Protein chains: 2
Amino acid sequence: MPVSTRSARFSAKRDAILDAACALFLEQGYAAASMDAVAARAGVSKATIYAHFTDKDDLFGAVIRMRCERNRTFAPVSPALDARATLTLIGRRLLDLLLQPDTLAMYRLVTAEAPRQPELARAFYESGPVTGKAEIARMLIELGHRGLLAVEDPWRMADLFTGMLRADLFMRTLLGLPQPESSSIEQTVAAAVETMLRAFAPTRTTAQSLAG
Amino acid sequence: MPVSTRSARFSAKRDAILDAACALFLEQGYAAASMDAVAARAGVSKATIYAHFTDKDDLFGAVIRMRCERNRTFAPVSPALDARATLTLIGRRLLDLLLQPDTLAMYRLVTAEAPRQPELARAFYESGPVTGKAEIARMLIELGHRGLLAVEDPWRMADLFTGMLRADLFMRTLLGLPQPESSSIEQTVAAAVETMLRAFAPTRTTAQSLAG
DNA sequence: GTCTATACAACGATAGAC
DNA sequence: GTCTATCGTTGTATAGAC
């Protein structure tokens, strides 16, 4: 049982295998990425892979969990910014992250395998969408406390905001289609931010009571 | 070249193959659906499949294109409804469609294979998201003409609306996760509609000028 | 066009030496 | 743990009879 030994968990070859498998899974999908290809890319023999992982599914699970743990959190937003600036900044960061090739490949991979690997789908959901929305919700609460936004249900609002960000531009990029200039990152963010500002503008009493 | 003959295009066995392949691709994904399984399910021999399609990719393409052509269009919305009722009705229809198992399976399949099959990804995009958004945009224009909504850029608005509809509930269902009651279809639609109504409420002058 | 039978390659996984 | 070599299976695709 190599997985339970200490050296196996921190082996250089094990890391090489994980990195190679990750790259191949993201590039080609689960089925198309063969164990031979992983071995070749990692610079090890196929038998070595099976010394560290019980089978292909096990290797796949380890790869996904590894990626989910690298849970990049957004940098804090300056408390001096107003609602529009804050939403724009956070929206730009999120959409920028969502459109990165690796993020999209991970999304394709996990959604495609979700029916066969429910636990991995859950891990992905918790580490990705949930974590991101939690940070946005926290920021919305902050804006609410400052009287800059009417925040009743921050989770619902975060959901609406991320939904608008993950609209046409995301879909086009996910499908690998050419992107018209009309659906740039900046325009998508601006439209989502403007809609949020209009729909959740603070009531006058709230703004005054907190400003006074 | 059986594909070019008239009988081949309207063959009963060909249809059986397409139906079987469609079901298996949607259930298991491209790689996991074997030609043997397709043949067994269609009740034909494998050789018959290769008499109608050049290879597996060709069969896959025919399946995707067939599904894209079945382009169900929304039933017309009664012109007597106000903005909230219209948005709620159309939002419910769209979300209901998006959450159907076949729709989700198609989404998983096409997004997963998009990097290897750009043309199919485009066909899917045009027949699905674009067509749906076009209908919503048309409905928004209608509401705008009646002075019930401030419609400047109907395509952008349709994008924002569908984005809010395709948020957390869609993601959870796509990943096969258990769904809390808090993210039901009705609540998701209501939140998206309310946000639209607040953000795009008609200006008083517009409403009055068209109402008077 | 449709079948049965089969060729041929690729894949996941293992045996055994070191 | 790591290698080389290989096993057994499965998969795509085809040959040849009807």
Side-chain angles (χ1 to χ4, degrees), chain A residues 1-64 109 112-113 116-117 120, chain B residues 1-64 109 112-113 116-117 120:
Chain A
M1 254 197 211
V3 178
S4 63
T5 68
R6 190 175 167 280
S7 62
R9 288 196 180 279
F10 303 99
S11 157
K13 298 232 173 196
R14 190 175 194 273
D15 290 347
I17 293 168
L18 280 172
D19 287 346
C22 181
L24 285 169
F25 282 140
L26 291 181
E27 284 171 16
Q28 310 181 355
Y30 176 77
S34 73
M35 297 296 265
D36 286 274
V38 173
R41 184 153 181 160
V44 302
S45 77
K46 226 181 349 175
T48 301
I49 300 180
Y50 284 96
H52 287 272
F53 306 94
T54 67
D55 56 12
K56 193 180 181 181
D57 266 1
D58 185 39
L59 174 59
F60 182 69
V63 166
I64 300 298
L109 188 59
E113 299 302 321
R116 270 82 64 185
Q117 307 274 358
L120 294 183
Chain B
M1 256 203 210
V3 178
S4 64
T5 70
R6 190 174 167 283
S7 62
R9 288 197 180 277
F10 303 100
S11 158
K13 299 233 174 197
R14 190 175 193 273
D15 290 347
I17 294 168
L18 280 173
D19 287 345
C22 181
L24 285 169
F25 282 141
L26 290 182
E27 285 171 15
Q28 311 181 355
Y30 176 77
S34 74
M35 298 296 265
D36 286 274
V38 173
R41 183 155 184 159
V44 301
S45 76
K46 231 183 339 179
T48 302
I49 300 180
Y50 284 96
H52 288 274
F53 306 94
T54 66
D55 56 12
K56 192 179 181 182
D57 267 0
D58 185 39
L59 174 59
F60 182 70
V63 166
I64 300 298
L109 188 59
E113 298 303 319
R116 271 80 66 184
Q117 306 274 359
L120 295 182

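Computed from a prediction, not measured in an experiment: that's the story for all the values here. Every chain is numbered from 1, with letters handed out A, B, ... down the list of sequences. As a basis for the values below, the full set of heavy atoms in this structure was taken, side chains included, without hydrogen atoms, waters or symmetry mates.
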* Short side-chain donor-acceptor distance under 3.5 Å, B:Tyr30 and B:Asp57 -> yes
* Residue B:Ala51, side-chain atoms from C-beta onward, closest of D:dT2, C:dT2, C:dA13 -> C:dT2
* Structure fact -> Winner on side-chain proximity to B:Ala47, out of D:dA15, C:dG12, D:dC3, is D:dA15
* So what does A:Lys13 hit on the nucleic acid, given a heavy-atom distance under 4.0 Å: a base, only sugar-phosphate, or nothing? -> sugar-phosphate
* So, is A:Tyr50 near the phosphate of C:dT14, with a side-chain N or O under 4.0 Å from OP1 or OP2? -> no
* Is any side-chain N of the basic residue among B:Glu27 and B:Arg41 closer than 4.0 Å to the acidic one's carboxylate O? -> yes
* To do: Between C:dT2, C:dG12, C:dC3, spot the one nearest the side chain of B:Val44, thanks.
  => C:dC3
* **Interatomic distance, A:Asp36 CG vs D:dA5 P [rounded to whole Å]** => 14 Å
* **Residue A:His52, side-chain heavy atoms: nucleotide from D:dG1, C:dT2, D:dT4 that is nearest** => D:dG1
* To do: Using a 4.0 Å heavy-atom cut-off across all strands, classify B:Ala39 as base, sugar-phosphate, or nothing.
  => nothing
* Does B:Thr48 put a side-chain nitrogen or oxygen below 4.0 Å from OP1 or OP2 of C:dT2? -> no
* Residue B:Lys46, side-chain heavy atoms: nucleotide from D:dT12, D:dC3, C:dG12 that is nearest -> D:dT12
